[in-house]
Amino acid sequence: MEKLTIRGLVLAVSLTAGVAHADPKLDEAKVHLSTGTQLYDENNYRGALVEFQRAYALAPSYKILFNIAQVSMELQDYASALKAYTRYLAEGGPDVPADRAAQTAAEIDRLKGRVGRVTIVTAPGAEILLDDVAIGFAPLPEPVPVNAGQHKVTVHVTGREPVSRVYDVAGRQEVTAAVGSDVVAPVVTPMSAVAPRPEPPQPTSKTPAYVAIGITGGLAITAAVFAFVTRHEEGQLDSLRNQFPVTTQALDDQRSLVKRDALLTDIFTGAAMISAGFAIYLSVTRLGAAEKPDPGTHVQLGIGLSGISVAGAF
């Protein structure tokens with residue numbers, strides 16, 4: 001396509017901008033269009049491309065995309081030209097003149113034979129560079145269009161050395177570039193998502209176990225005292241039976257004492273046994289393994305009417 005086509009297109013955009021001359025962005029876009037045209041005439045295609053891209057950023061008219069496509073053709077950047085021509089037709093729609101639309105469609109079909117696509121597969125979050133130019137982070141939303149030829153794909157994960165591979169891509173070819181796909185990108189976890197560290201278990205109080213043992217001992221001693229008193233009262237009852245003369249009232253009174261003391265002995269003995277069971281439970285659950293006795297040591301407590309007995313092996 002001839003340079004005259006671009007000059008005519010710049011004029012059309014300038015006329016559009018002139019209608020709304022009060023808009024500073026349109027005025028600035030007009031300046032960049034004019035500068036881009038001058039640079040294009042001087043064969044400074046890279047400078048012209050920068051000026052046209054800046055003009056489009058300020059005043060995104062579909063007409064400027066045609067300028068960008070033609071400059072990209074001069075730079076032999078067919079992938080960029082294909083993209084600009086495609087957007088030109090899509091954004092211009094029915095406003096594009098029929099002859100221009102047909103000319104552009106034919107150019108698009110021709111460019112497709114010079115452009116391939118590269119699907120880059122790598123670790124999620126890794127930065128991707130194509131021919132040493134950063135193009136985004138993995139995963140990319142779609143395959144990357146590239147000019148037919150040789151291309152270098154580089155993947156960079158923070159904290160690791162970049163990994164690069166070179167691929168030959170022909171026109172219309174679909175190439176999958178797996179670069180550093182075995183490298184796992186570091187995952188940053190928000191502080192709010194970090195699970196709180198569980199507090200170490202607090203030691204269980206041993207006081208209830210010791211109290212229960214003390215109560216058991218007290219009940220056992222009380223039961224032993226009443227057992228002793230009961231035996232003494234029984235001896236007194238036997239003595240009265242052997243005395244003569246003795247009144248029935250005296251015998252009844254002594255029998256009442258024996259029954260009372262025997263009942264108290266049974267009550268305190270039962271209470272001591274219940275308390276002993278509770279003390280054993282607390283000793284197991286509270287004192288735990290930290291205070292397990294030596295396997296060769298065991299102690300038994302016996303409570304009866306005759307008193308308290310202690311047996312064990314040491």
Side-chain angles (χ1 to χ4, degrees), residues 123-125 157-160 182-314:
V157 175
T158 304
R160 296 181 174 87
D182 57 336
V183 177
V184 179
V187 177
V188 179
T189 304
M191 292 300 295
S192 59
V194 177
R197 185 176 180 179
E199 294 291 334
Q202 298 296 325
T204 305
S205 175
K206 302 175 182 180
T207 302
Y210 293 140
V211 171
I213 293 173
I215 293 174
T216 301
L219 291 172
I221 293 174
T222 303
V225 169
F226 276 103
F228 176 79
V229 172
T230 300
R231 288 177 62 105
H232 176 71
E233 295 294 341
E234 287 177 344
Q236 290 285 62
L237 179 60
D238 291 339
S239 297
L240 286 176
R241 287 172 178 168
N242 295 325
Q243 288 182 7
F244 184 82
V246 62
T247 63
T248 302
Q249 184 63 40
L251 290 173
D252 290 341
D253 291 343
Q254 190 61 32
R255 288 193 190 96
S256 297
L257 291 174
V258 171
K259 290 180 180 180
R260 183 200 65 183
D261 295 339
L263 178 60
L264 290 174
T265 301
D266 291 341
I267 291 174
F268 281 103
T269 300
M273 294 178 66
I274 294 173
S275 179
F278 189 62
I280 292 173
Y281 168 77
L282 290 177
S283 297
V284 172
T285 57
R286 298 280 177 156
L287 302 183
E291 296 187 9
K292 287 183 179 179
D294 186 353
T297 303
H298 63 274
V299 179
Q300 293 181 340
L301 177 66
I303 304 173
L305 293 177
S306 60
I308 301 176
S309 62
V310 179
F314 301 89

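Quick caveat, the model's predicted, so the values are computed rather than measured.
Separation of atoms CG (Leu263) and OG1 (Thr230) is listed at 9.5 Å; rounding is to 0.5 Å. Here OG1 of Thr222 is found 10.5 Å from CG of Leu264. Values are rounded to the nearest 0.5 Å.
Pairs of residues two or more places apart, or lying in two chains, never qualify as salt bridge (Lys or Arg N to Asp or Glu O under 4.0 Å) while including a residue from residues 211-225. Sorted by first and then second residue, the pairs that involve residues 253-265 and meet salt bridge (Lys or Arg N to Asp or Glu O under 4.0 Å), not counting sequence neighbours, are Asp252-Arg255.
With sequence neighbours excluded, no residue satisfies side chain to side chain contact (heavy atoms under 4.5 Å, CB included) with Ile274.
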